[in-house]
Amino acid sequence: MLAKRIIPCLDVNAGRVVKGVNFINLTDAGDPVESAKFYESEGADEIVFLDITASVDNRTTMLNVVRRTAETIFLPLTVGGGIRTVDDIRRTLSNGADKVSLNTAAVLNPELILAGAEEFGVQCIVVAIDAKKIDDNSKNNYAIIPVELESLKIQNVASPSGYEVYINGGRKPTGLDAIEWAKYVVAHGAGEILLTSIDKDGTNSGYDIELLKKTTKVVNVPVIASGGAGTLEHFYEAIQGGGADAVLAASVFHFGKFKIKQVKNYLSEKGVAIRL
Amino acid sequence: MTTYKVAVVDYRTSNLLSIVKALQKVGAEVELTQSAEQIEKADKLVLPGVGAFGAAMRNIESLGIKEALINFGRSGKPLIGICLGMQLLFNVSFEQGVYNGLALVPGEVVAFNSSVKVPHMGWNQVEFQKKSRLFDGLQDKRYAYFVHSYYVRADDDCIAGMTDYGVKFPAVVEQGNIFGIQFHPEKSQSFGLKILENFLGV
(Lines give C-alpha, C1' and ligand atoms only; values in the text may rest on other atoms or scores of the structure.)
Protein backbone atom coordinates (compact mmCIF):
# COMPACT_ATOMS: atom_id res chain seq x y z
CA MET A 1 0.00 0.00 0.00
CA LEU A 2 1.16 3.51 -0.78
CA ALA A 3 2.52 5.09 2.40
CA LYS A 4 1.60 8.54 3.65
CA ARG A 5 4.67 10.76 3.55
CA ILE A 6 6.16 12.87 6.31
CA ILE A 7 8.02 15.83 4.88
CA PRO A 8 10.18 18.32 6.75
CA CYS A 9 10.44 21.71 5.07
CA LEU A 10 13.51 23.91 5.30
CA ASP A 11 13.43 27.62 4.53
CA VAL A 12 16.68 28.65 2.90
CA ASN A 13 17.90 32.22 2.63
CA ALA A 14 21.08 32.94 0.66
CA GLY A 15 22.19 29.34 1.12
CA ARG A 16 21.54 29.16 4.85
CA VAL A 17 18.70 27.55 6.76
CA VAL A 18 16.37 30.02 8.43
CA LYS A 19 15.05 28.84 11.79
CA GLY A 20 17.83 26.26 11.71
CA VAL A 21 17.42 22.75 12.89
CA ASN A 22 17.82 22.87 16.62
CA PHE A 23 19.92 19.82 17.34
CA ILE A 24 23.24 19.78 19.05
CA ASN A 25 24.59 16.87 17.04
CA LEU A 26 24.64 18.90 13.84
CA THR A 27 28.03 20.37 13.14
CA ASP A 28 26.46 23.25 11.24
CA ALA A 29 22.74 23.74 11.86
CA GLY A 30 22.62 26.50 9.28
CA ASP A 31 23.80 24.28 6.46
CA PRO A 32 20.83 22.97 4.43
CA VAL A 33 22.81 19.91 3.36
CA GLU A 34 23.58 18.96 6.97
CA SER A 35 19.95 19.49 7.93
CA ALA A 36 18.69 17.41 5.02
CA LYS A 37 21.12 14.65 5.95
CA PHE A 38 19.91 14.74 9.52
CA TYR A 39 16.29 14.43 8.43
CA GLU A 40 17.16 11.58 6.10
CA SER A 41 18.65 9.70 9.04
CA GLU A 42 15.50 10.49 11.06
CA GLY A 43 13.27 8.79 8.52
CA ALA A 44 11.97 11.71 6.43
CA ASP A 45 10.20 10.49 3.29
CA GLU A 46 11.09 13.54 1.26
CA ILE A 47 12.73 16.93 1.79
CA VAL A 48 11.37 20.31 0.73
CA PHE A 49 13.60 23.35 0.37
CA LEU A 50 11.90 26.68 0.12
CA ASP A 51 14.20 29.39 -1.17
CA ILE A 52 13.13 32.63 0.46
CA THR A 53 16.08 34.58 -0.91
CA ALA A 54 14.90 37.96 -2.03
CA SER A 55 17.68 38.77 -4.45
CA VAL A 56 17.98 37.16 -7.84
CA ASP A 57 21.79 37.13 -7.53
CA ASN A 58 21.57 34.42 -4.94
CA ARG A 59 19.88 31.90 -7.22
CA THR A 60 23.17 30.22 -8.00
CA THR A 61 23.78 29.85 -4.28
CA MET A 62 20.52 27.92 -4.02
CA LEU A 63 21.37 25.76 -7.01
CA ASN A 64 24.64 24.85 -5.30
CA VAL A 65 22.73 23.89 -2.18
CA VAL A 66 20.39 21.73 -4.28
CA ARG A 67 23.31 20.04 -6.01
CA ARG A 68 25.23 19.34 -2.82
CA THR A 69 22.08 17.96 -1.21
CA ALA A 70 21.23 15.73 -4.16
CA GLU A 71 24.78 14.38 -4.08
CA THR A 72 24.49 13.57 -0.39
CA ILE A 73 21.02 12.22 0.32
CA PHE A 74 19.08 9.49 -1.44
CA LEU A 75 15.59 10.84 -0.95
CA PRO A 76 13.26 12.84 -3.17
CA LEU A 77 13.95 16.56 -3.04
CA THR A 78 11.47 19.31 -3.87
CA VAL A 79 12.63 22.88 -4.37
CA GLY A 80 10.43 25.96 -4.38
CA GLY A 81 10.83 29.70 -4.28
CA GLY A 82 11.66 32.10 -7.07
CA ILE A 83 11.13 29.64 -9.92
CA ARG A 84 9.58 31.70 -12.70
CA THR A 85 10.51 30.24 -16.08
CA VAL A 86 10.97 26.92 -17.83
CA ASP A 87 14.71 27.63 -17.72
CA ASP A 88 14.52 28.06 -13.94
CA ILE A 89 12.77 24.69 -13.72
CA ARG A 90 15.40 23.08 -15.94
CA ARG A 91 18.28 24.50 -13.90
CA THR A 92 16.72 23.35 -10.63
CA LEU A 93 16.06 19.83 -11.90
CA SER A 94 19.42 19.49 -13.56
CA ASN A 95 21.07 20.33 -10.26
CA GLY A 96 19.37 17.34 -8.71
CA ALA A 97 15.90 18.40 -7.54
CA ASP A 98 13.21 15.83 -8.28
CA LYS A 99 10.37 18.31 -8.25
CA VAL A 100 9.92 22.04 -8.37
CA SER A 101 7.24 23.88 -6.51
CA LEU A 102 5.58 26.81 -8.29
CA ASN A 103 3.52 29.35 -6.42
CA THR A 104 3.39 33.06 -7.35
CA ALA A 105 4.70 32.38 -10.86
CA ALA A 106 1.92 29.84 -11.46
CA VAL A 107 -0.72 32.48 -10.75
CA LEU A 108 0.93 35.30 -12.68
CA ASN A 109 1.90 33.06 -15.58
CA PRO A 110 -0.32 29.95 -15.60
CA GLU A 111 1.19 28.73 -18.90
CA LEU A 112 4.32 27.91 -16.92
CA ILE A 113 2.57 24.92 -15.31
CA LEU A 114 1.77 23.20 -18.59
CA ALA A 115 5.03 24.25 -20.22
CA GLY A 116 6.93 22.67 -17.32
CA ALA A 117 4.78 19.54 -17.36
CA GLU A 118 5.20 19.07 -21.10
CA GLU A 119 8.93 19.50 -20.93
CA PHE A 120 9.72 17.54 -17.75
CA GLY A 121 6.60 15.53 -16.90
CA VAL A 122 3.75 16.21 -14.50
CA GLN A 123 5.51 14.23 -11.78
CA CYS A 124 8.00 17.02 -11.17
CA ILE A 125 5.58 19.95 -11.21
CA VAL A 126 4.19 20.78 -7.77
CA VAL A 127 1.91 23.78 -7.45
CA ALA A 128 2.02 25.36 -4.01
CA ILE A 129 -1.24 27.04 -3.03
CA ASP A 130 -1.33 29.44 -0.10
CA ALA A 131 -4.98 29.67 0.88
CA LYS A 132 -6.76 31.81 3.43
CA LYS A 133 -10.32 31.72 4.71
CA ILE A 134 -12.20 34.68 3.31
CA ASP A 135 -12.73 37.30 5.96
CA ASP A 136 -14.82 40.43 5.93
CA ASN A 137 -11.89 42.79 5.69
CA SER A 138 -12.08 44.71 2.50
CA LYS A 139 -8.84 44.55 0.59
CA ASN A 140 -7.44 46.92 -1.94
CA ASN A 141 -4.11 45.41 -2.83
CA TYR A 142 -5.24 42.66 -5.18
CA ALA A 143 -2.70 41.13 -7.51
CA ILE A 144 -3.32 41.68 -11.21
CA ILE A 145 -4.46 38.33 -12.52
CA PRO A 146 -4.13 37.07 -16.10
CA VAL A 147 -7.39 37.24 -18.02
CA GLU A 148 -7.60 33.45 -18.49
CA LEU A 149 -8.07 33.08 -14.73
CA GLU A 150 -11.01 35.49 -14.64
CA SER A 151 -13.52 32.63 -14.34
CA LEU A 152 -11.78 31.40 -11.18
CA LYS A 153 -12.40 34.66 -9.36
CA ILE A 154 -14.56 34.21 -6.30
CA GLN A 155 -17.37 36.42 -7.61
CA ASN A 156 -17.48 34.40 -10.85
CA VAL A 157 -17.57 30.97 -9.23
CA ALA A 158 -20.96 29.27 -8.89
CA SER A 159 -20.32 27.87 -5.42
CA PRO A 160 -17.33 29.57 -3.80
CA SER A 161 -15.29 27.46 -1.39
CA GLY A 162 -14.74 30.22 1.14
CA TYR A 163 -10.98 30.14 0.59
CA GLU A 164 -8.88 32.60 -1.38
CA VAL A 165 -5.47 32.18 -3.01
CA TYR A 166 -2.65 34.47 -1.87
CA ILE A 167 0.71 34.98 -3.54
CA ASN A 168 4.03 36.70 -2.77
CA GLY A 169 4.66 34.61 0.32
CA GLY A 170 1.06 34.86 1.49
CA ARG A 171 1.01 38.64 1.44
CA LYS A 172 -0.96 39.48 -1.69
CA PRO A 173 -4.59 38.44 -2.24
CA THR A 174 -5.52 37.30 -5.73
CA GLY A 175 -9.31 37.13 -5.60
CA LEU A 176 -9.06 33.54 -6.88
CA ASP A 177 -11.11 30.77 -5.32
CA ALA A 178 -8.63 28.31 -3.84
CA ILE A 179 -10.49 25.13 -4.78
CA GLU A 180 -11.19 26.31 -8.33
CA TRP A 181 -7.52 27.20 -8.63
CA ALA A 182 -6.56 23.73 -7.40
CA LYS A 183 -8.75 22.12 -10.07
CA TYR A 184 -7.29 24.44 -12.69
CA VAL A 185 -3.65 23.68 -11.91
CA VAL A 186 -4.27 19.93 -11.97
CA ALA A 187 -6.05 20.20 -15.32
CA HIS A 188 -3.04 22.17 -16.58
CA GLY A 189 -0.25 19.84 -15.59
CA ALA A 190 0.35 19.97 -11.83
CA GLY A 191 1.31 16.52 -10.56
CA GLU A 192 0.95 17.41 -6.90
CA ILE A 193 -0.44 20.19 -4.72
CA LEU A 194 1.32 21.64 -1.70
CA LEU A 195 -1.55 23.20 0.20
CA THR A 196 -0.72 25.70 2.93
CA SER A 197 -3.27 27.28 5.19
CA ILE A 198 -2.17 30.84 5.85
CA ASP A 199 -4.50 31.04 8.84
CA LYS A 200 -2.94 27.98 10.43
CA ASP A 201 0.68 28.45 9.45
CA GLY A 202 2.86 29.08 12.47
CA THR A 203 0.00 28.59 14.96
CA ASN A 204 0.69 24.94 15.90
CA SER A 205 -3.10 24.62 16.23
CA GLY A 206 -3.61 21.91 13.64
CA TYR A 207 -3.96 21.73 9.86
CA ASP A 208 -7.01 23.30 8.20
CA ILE A 209 -9.04 20.12 7.78
CA GLU A 210 -11.92 21.79 5.95
CA LEU A 211 -9.57 23.26 3.34
CA LEU A 212 -7.88 19.89 2.92
CA LYS A 213 -11.14 18.01 2.58
CA LYS A 214 -12.48 20.41 -0.01
CA THR A 215 -9.30 20.09 -2.03
CA THR A 216 -8.63 16.35 -1.78
CA LYS A 217 -12.23 15.67 -2.78
CA VAL A 218 -11.89 17.38 -6.15
CA VAL A 219 -8.34 16.71 -7.35
CA ASN A 220 -6.88 13.42 -8.50
CA VAL A 221 -3.25 14.17 -7.62
CA PRO A 222 -1.48 13.88 -4.27
CA VAL A 223 -2.06 16.73 -1.82
CA ILE A 224 0.54 17.72 0.77
CA ALA A 225 -0.95 19.32 3.88
CA SER A 226 1.00 22.27 5.26
CA GLY A 227 0.58 24.81 8.03
CA GLY A 228 -0.44 24.24 11.61
CA ALA A 229 1.19 21.03 12.88
CA GLY A 230 1.57 21.20 16.65
CA THR A 231 0.63 17.80 18.06
CA LEU A 232 0.86 14.19 16.89
CA GLU A 233 -2.94 14.12 16.49
CA HIS A 234 -2.71 16.98 13.99
CA PHE A 235 -0.79 14.80 11.56
CA TYR A 236 -3.37 12.06 11.91
CA GLU A 237 -6.29 14.47 11.38
CA ALA A 238 -4.75 15.87 8.19
CA ILE A 239 -4.44 12.36 6.77
CA GLN A 240 -7.57 10.74 8.15
CA GLY A 241 -9.94 13.69 8.22
CA GLY A 242 -8.43 15.84 5.50
CA GLY A 243 -7.48 13.10 3.07
CA ALA A 244 -3.91 14.38 2.73
CA ASP A 245 -1.38 12.13 1.01
CA ALA A 246 1.53 13.72 2.79
CA VAL A 247 2.04 16.06 5.72
CA LEU A 248 4.63 18.79 5.77
CA ALA A 249 5.92 20.55 8.85
CA ALA A 250 8.79 22.83 9.70
CA SER A 251 9.02 24.20 13.21
CA VAL A 252 7.89 21.11 15.17
CA PHE A 253 10.76 19.22 13.56
CA HIS A 254 13.33 22.01 13.58
CA PHE A 255 12.82 22.79 17.24
CA GLY A 256 12.78 19.15 18.16
CA LYS A 257 9.24 19.05 19.51
CA PHE A 258 8.83 15.77 17.66
CA LYS A 259 11.22 13.47 15.97
CA ILE A 260 10.05 12.32 12.56
CA LYS A 261 10.28 8.73 13.81
CA GLN A 262 7.90 9.59 16.63
CA VAL A 263 5.30 10.96 14.22
CA LYS A 264 5.69 7.90 12.03
CA ASN A 265 5.35 5.45 14.91
CA TYR A 266 2.27 7.27 16.14
CA LEU A 267 0.60 7.20 12.72
CA SER A 268 1.55 3.60 12.15
CA GLU A 269 0.00 2.57 15.47
CA LYS A 270 -3.15 4.39 14.36
CA GLY A 271 -3.25 2.15 11.31
CA VAL A 272 -1.90 4.63 8.73
CA ALA A 273 0.38 3.11 6.06
CA ILE A 274 3.81 4.47 6.90
CA ARG A 275 7.35 3.64 5.84
CA LEU A 276 9.04 2.83 9.14
CA MET B 1 35.02 -2.05 -1.13
CA THR B 2 35.27 -3.74 -4.50
CA THR B 3 35.06 -1.40 -7.45
CA TYR B 4 32.70 -2.38 -10.24
CA LYS B 5 32.67 -0.71 -13.61
CA VAL B 6 29.28 0.23 -14.86
CA ALA B 7 28.09 2.26 -17.83
CA VAL B 8 25.05 4.50 -17.55
CA VAL B 9 23.26 5.25 -20.80
CA ASP B 10 22.81 8.99 -21.27
CA TYR B 11 20.15 9.44 -23.91
CA ARG B 12 19.24 12.97 -22.90
CA THR B 13 15.95 12.39 -21.17
CA SER B 14 16.85 12.42 -17.57
CA ASN B 15 18.99 13.99 -14.96
CA LEU B 16 21.67 11.45 -14.16
CA LEU B 17 23.19 13.15 -11.14
CA SER B 18 21.33 11.14 -8.51
CA ILE B 19 21.68 7.72 -10.12
CA VAL B 20 25.39 8.28 -10.75
CA LYS B 21 25.92 9.38 -7.13
CA ALA B 22 23.99 6.39 -5.83
CA LEU B 23 26.03 3.96 -7.95
CA GLN B 24 29.25 5.58 -6.79
CA LYS B 25 28.07 5.38 -3.20
CA VAL B 26 27.82 1.58 -3.46
CA GLY B 27 31.22 1.25 -5.07
CA ALA B 28 30.74 1.68 -8.81
CA GLU B 29 33.08 3.35 -11.19
CA VAL B 30 30.59 5.05 -13.47
CA GLU B 31 31.01 5.91 -17.11
CA LEU B 32 28.33 7.85 -19.00
CA THR B 33 27.77 6.49 -22.45
CA GLN B 34 26.01 7.83 -25.53
CA SER B 35 27.46 5.69 -28.30
CA ALA B 36 26.82 2.21 -29.63
CA GLU B 37 30.53 1.45 -29.38
CA GLN B 38 30.74 2.34 -25.69
CA ILE B 39 27.60 0.34 -24.93
CA GLU B 40 29.02 -2.76 -26.62
CA LYS B 41 32.25 -2.46 -24.64
CA ALA B 42 30.53 -2.05 -21.27
CA ASP B 43 30.59 -4.85 -18.69
CA LYS B 44 27.40 -3.77 -16.97
CA LEU B 45 24.80 -1.35 -18.22
CA VAL B 46 22.28 0.90 -16.49
CA LEU B 47 19.39 2.28 -18.54
CA PRO B 48 17.80 5.07 -16.48
CA GLY B 49 14.97 7.32 -17.54
CA VAL B 50 12.16 9.64 -16.69
CA GLY B 51 9.72 11.27 -19.05
CA ALA B 52 7.65 9.91 -21.89
CA PHE B 53 8.19 6.50 -23.51
CA GLY B 54 7.83 7.76 -27.08
CA ALA B 55 10.31 10.59 -26.62
CA ALA B 56 12.80 8.23 -24.98
CA MET B 57 12.64 5.75 -27.87
CA ARG B 58 13.03 8.60 -30.34
CA ASN B 59 16.18 9.78 -28.55
CA ILE B 60 17.55 6.24 -28.46
CA GLU B 61 16.94 5.88 -32.18
CA SER B 62 18.39 9.26 -33.09
CA LEU B 63 21.54 8.48 -31.09
CA GLY B 64 21.80 5.25 -33.08
CA ILE B 65 22.03 3.08 -29.98
CA LYS B 66 18.89 0.99 -30.23
CA GLU B 67 20.59 -2.01 -31.82
CA ALA B 68 23.48 -1.76 -29.38
CA LEU B 69 21.08 -1.82 -26.42
CA ILE B 70 19.25 -4.84 -27.81
CA ASN B 71 22.54 -6.63 -28.54
CA PHE B 72 23.79 -5.85 -25.05
CA GLY B 73 20.61 -7.28 -23.53
CA ARG B 74 20.97 -10.44 -25.60
CA SER B 75 24.65 -10.81 -24.82
CA GLY B 76 24.02 -12.04 -21.29
CA LYS B 77 25.95 -9.19 -19.70
CA PRO B 78 24.01 -7.60 -16.80
CA LEU B 79 21.60 -4.85 -17.78
CA ILE B 80 19.24 -2.96 -15.50
CA GLY B 81 16.47 -0.61 -16.59
CA ILE B 82 15.22 1.86 -14.02
CA CYS B 83 11.73 3.41 -14.01
CA LEU B 84 11.10 4.42 -17.65
CA GLY B 85 14.28 2.49 -18.44
CA MET B 86 12.56 -0.66 -17.18
CA GLN B 87 9.52 0.01 -19.33
CA LEU B 88 11.72 0.42 -22.42
CA LEU B 89 12.84 -3.21 -22.04
CA PHE B 90 9.37 -4.42 -23.02
CA ASN B 91 7.65 -4.83 -26.38
CA VAL B 92 5.24 -1.95 -26.55
CA SER B 93 3.91 1.03 -24.60
CA PHE B 94 0.51 2.68 -24.81
CA GLU B 95 1.70 5.95 -23.28
CA GLN B 96 0.08 8.70 -25.35
CA GLY B 97 0.09 6.57 -28.48
CA VAL B 98 1.58 3.21 -29.37
CA TYR B 99 5.35 2.89 -29.30
CA ASN B 100 7.61 -0.09 -29.76
CA GLY B 101 10.19 -0.72 -27.09
CA LEU B 102 13.41 -2.74 -27.07
CA ALA B 103 11.45 -6.01 -26.79
CA LEU B 104 14.07 -7.71 -24.62
CA VAL B 105 11.41 -8.92 -22.19
CA PRO B 106 7.86 -9.84 -23.26
CA GLY B 107 5.18 -7.50 -21.97
CA GLU B 108 3.45 -4.17 -22.46
CA VAL B 109 3.25 -0.81 -20.72
CA VAL B 110 -0.22 0.45 -19.81
CA ALA B 111 -1.78 3.30 -17.82
CA PHE B 112 -3.16 3.04 -14.29
CA ASN B 113 -6.92 3.28 -14.33
CA SER B 114 -8.62 6.38 -13.01
CA SER B 115 -9.64 4.90 -9.65
CA VAL B 116 -6.23 5.81 -8.23
CA LYS B 117 -4.33 9.07 -8.09
CA VAL B 118 -1.89 9.37 -10.96
CA PRO B 119 1.10 9.60 -10.96
CA HIS B 120 1.69 6.82 -8.47
CA MET B 121 4.02 8.92 -6.38
CA GLY B 122 5.58 8.04 -3.07
CA TRP B 123 6.74 5.10 -0.99
CA ASN B 124 5.16 1.73 -1.60
CA GLN B 125 6.00 -1.83 -0.62
CA VAL B 126 7.85 -4.29 -2.81
CA GLU B 127 6.51 -7.80 -2.25
CA PHE B 128 8.90 -10.54 -3.24
CA GLN B 129 7.48 -13.04 -5.71
CA LYS B 130 10.57 -15.14 -6.17
CA LYS B 131 14.21 -15.22 -5.26
CA SER B 132 16.13 -12.51 -7.06
CA ARG B 133 19.80 -11.63 -6.94
CA LEU B 134 18.70 -8.02 -6.48
CA PHE B 135 17.06 -8.92 -3.16
CA ASP B 136 20.14 -10.42 -1.48
CA GLY B 137 20.27 -9.23 2.11
CA LEU B 138 16.92 -7.45 1.89
CA GLN B 139 13.68 -8.10 3.69
CA ASP B 140 10.33 -8.62 2.01
CA LYS B 141 7.80 -5.75 1.89
CA ARG B 142 10.25 -2.90 2.32
CA TYR B 143 9.28 0.49 0.92
CA ALA B 144 10.69 1.97 -2.27
CA TYR B 145 10.06 5.37 -3.87
CA PHE B 146 7.92 5.32 -7.01
CA VAL B 147 7.01 8.03 -9.50
CA HIS B 148 5.19 6.81 -12.59
CA SER B 149 1.85 6.94 -14.42
CA TYR B 150 2.23 3.74 -16.45
CA TYR B 151 3.10 0.22 -15.41
CA VAL B 152 4.21 -3.01 -17.01
CA ARG B 153 2.10 -6.08 -17.67
CA ALA B 154 4.47 -9.02 -17.92
CA ASP B 155 4.59 -12.81 -17.67
CA ASP B 156 4.67 -14.18 -14.15
CA ASP B 157 7.95 -16.01 -14.69
CA CYS B 158 9.95 -12.79 -15.04
CA ILE B 159 8.32 -10.97 -12.11
CA ALA B 160 10.54 -10.88 -9.02
CA GLY B 161 8.68 -8.23 -7.02
CA MET B 162 5.17 -6.81 -7.10
CA THR B 163 3.64 -3.63 -5.74
CA ASP B 164 0.00 -2.91 -5.03
CA TYR B 165 -1.50 0.34 -6.25
CA GLY B 166 -5.12 -0.47 -7.00
CA VAL B 167 -3.66 -3.09 -9.29
CA LYS B 168 -0.70 -5.34 -8.54
CA PHE B 169 2.07 -4.52 -10.95
CA PRO B 170 5.68 -5.68 -11.40
CA ALA B 171 8.09 -3.53 -9.38
CA VAL B 172 11.08 -5.75 -10.13
CA VAL B 173 11.57 -8.02 -13.13
CA GLU B 174 14.40 -10.41 -13.83
CA GLN B 175 14.97 -12.48 -16.94
CA GLY B 176 18.41 -13.99 -17.20
CA ASN B 177 20.77 -11.07 -16.62
CA ILE B 178 18.23 -8.47 -17.63
CA PHE B 179 16.70 -6.63 -14.69
CA GLY B 180 14.10 -3.90 -14.45
CA ILE B 181 12.97 -1.88 -11.46
CA GLN B 182 10.00 0.44 -11.60
CA PHE B 183 10.92 2.48 -8.53
CA HIS B 184 13.84 4.88 -8.11
CA PRO B 185 16.64 3.14 -6.20
CA GLU B 186 18.56 6.42 -6.06
CA LYS B 187 15.65 7.92 -4.08
CA SER B 188 14.83 4.86 -2.00
CA GLN B 189 17.41 5.28 0.71
CA SER B 190 19.13 2.15 2.04
CA PHE B 191 16.72 -0.22 0.27
CA GLY B 192 17.48 1.29 -3.12
CA LEU B 193 21.21 1.48 -2.53
CA LYS B 194 21.29 -2.21 -1.59
CA ILE B 195 19.44 -3.14 -4.79
CA LEU B 196 22.03 -1.22 -6.82
CA GLU B 197 24.85 -2.84 -4.88
CA ASN B 198 23.35 -6.25 -5.58
CA PHE B 199 23.14 -5.43 -9.27
CA LEU B 200 26.81 -4.49 -9.32
CA GLY B 201 27.58 -7.87 -7.78
CA VAL B 202 25.69 -9.87 -10.45
Side-chain angles (χ1 to χ4, degrees), chain A residues 1-7 39-47 66-78 89-99 117-126 186 190-193 216 219-224 243 245-246 264 273-276, chain B residues 13-26 49-53 55-56 83-84 95-96 112-127 141-150 163-166 168 183-196:
Chain A
M1 217 172 136
L2 187 64
K4 301 294 181 182
R5 287 168 282 154
I6 311 298
I7 306 174
Y39 282 134
E40 179 185 46
S41 72
E42 288 267 289
D45 292 313
E46 195 168 323
I47 306 279
V66 172
R67 174 169 284 266
R68 285 196 295 126
T69 307
E71 287 174 352
T72 312
I73 65 166
F74 299 100
L75 281 183
L77 174 65
T78 301
I89 298 175
R90 179 178 297 112
R91 270 193 290 274
T92 309
L93 296 176
S94 69
N95 277 284
D98 298 285
K99 308 181 219 176
E118 279 178 345
E119 182 102 16
F120 310 104
V122 295
Q123 82 289 337
C124 61
I125 305 295
V126 182
V186 171
E192 188 165 41
I193 288 177
T216 55
V219 298
N220 193 33
V221 300
V223 174
I224 305 171
D245 300 277
K264 293 185 121 183
I274 288 288
R275 178 184 70 109
L276 291 175
Chain B
T13 65
S14 51
N15 169 29
L16 301 176
L17 180 83
S18 297
I19 185 67
V20 168
K21 282 289 160 193
L23 285 163
Q24 287 170 341
K25 173 96 178 174
V26 294
V50 292
F53 192 103
C83 195
L84 176 64
E95 179 175 354
Q96 290 155 24
F112 283 110
N113 77 37
S114 55
S115 68
V116 290
K117 292 188 177 189
V118 176
H120 172 221
M121 174 152 60
W123 297 84
N124 207 334
Q125 284 166 303
V126 178
E127 298 172 25
K141 295 184 180 166
R142 290 271 309 269
Y143 282 92
Y145 188 78
F146 291 83
V147 184
H148 59 125
S149 302
Y150 294 78
T163 293
D164 190 347
Y165 190 58
K168 282 206 173 191
F183 53 86
H184 286 273
E186 76 280 19
K187 297 291 164 186
S188 297
Q189 252 258 319
S190 57
F191 179 77
L193 293 176
K194 184 66 183 167
I195 294 251
L196 290 177

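Just so it is clear: chains get the letters A, B, ... in the order the sequence lines come, proteins before strands, and each one is counted from 1.
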> Which bit of B:His184 comes within less than 4.5 Å of chain A, counting heavy atoms only: side chain, backbone, both or neither?
Replying inline: neither
> So which of A:Asp98, A:Val122, A:Val219 has the biggest tally of heavy-atom pairs under 4.5 Å with chain B?
Replying inline: A:Asp98
> Does any heavy atom of chain B fall under 4.5 Å from the side chain of A:Leu2, the backbone, both, or neither of them?
Replying inline: both
> Side chain, backbone, both or neither: which part of A:Arg275 has a non-hydrogen atom closer than 4.5 Å to chain B?
Replying inline: both
>> Between A:Asp245 and chain B, with a heavy-atom cut-off of 4.5 Å, which part of the residue counts as in contact: side chain, backbone, both or neither?
In response: side chain
> How far does CD of A:Glu46 sit from NZ of B:Lys187, to the nearest 0.5 angstrom?
Replying inline: 10.0 Å
> Out of B:Gln125, B:Glu127, B:Glu186, which one racks up the most heavy-atom pairs below 4.5 Å with chain A?
Replying inline: B:Glu186
> Hey, mind stepping through B:Met121 and A:Lys99 against side-chain contact (heavy atoms from CB on, under 4.5 Å) and telling me if it holds?
Replying inline: CA-CA 11 Å; B:Met121 174 152 60; A:Lys99 308 181 219 176; 3.5 Å; yes
> Relative to chain B, which segment of A:Glu40 carries a heavy atom at a distance below 4.5 Å: side chain, backbone, both, or neither?
Replying inline: both
>> Show the nearest heavy-atom pair for residues B:Leu17 and A:Asn95, with the distance to one decimal.
In response: CD2-O, 3.5 Å
> Where is the tightest heavy-atom contact between A:Arg5 and B:Trp123, given as atom of each residue plus distance?
Replying inline: CG-CD1, 3.9 Å
> Say you draw a straight line from CD1 of A:Ile274 to OH of B:Tyr143; how long is it, rounded to the nearest 0.5 Å?
Replying inline: 7.5 Å
>> Need one label for B:Ser188: side chain, backbone, both or neither, based on atoms under 4.5 Å from any heavy atom in chain A.
In response: backbone
> Given that the side chain runs from C-beta out, which part of B:Val116 has a heavy atom under 4.5 Å from chain A: side chain, backbone, both or neither?
Replying inline: backbone
> What part of B:Ser190 is in contact with chain A, defined as an atom under 4.5 angstrom from a non-hydrogen atom: side chain, backbone, both or neither?
Replying inline: neither
>> With a 4.5 Å cut-off on side-chain heavy atoms, are A:Leu75 and B:Gln189 touching?
In response: yes
> Of the non-hydrogen atoms in A:Gly96 and B:Ser18, which two are nearest, and what is the gap between them?
Replying inline: O-OG, 4.3 Å
> Of all of A:Ser94, A:Pro76, A:Ala273, which one pairs up most often with chain B through heavy atoms under 4.5 Å apart?
Replying inline: A:Pro76
> Is there a side-chain contact between B:Lys117 and A:Val221 (heavy atoms, below 4.5 Å)?
Replying inline: no
>> Please classify the contact between B:Val118 and chain A as side chain, backbone, both or neither, with a heavy-atom cut-off of under 4.5 Å.
In response: backbone
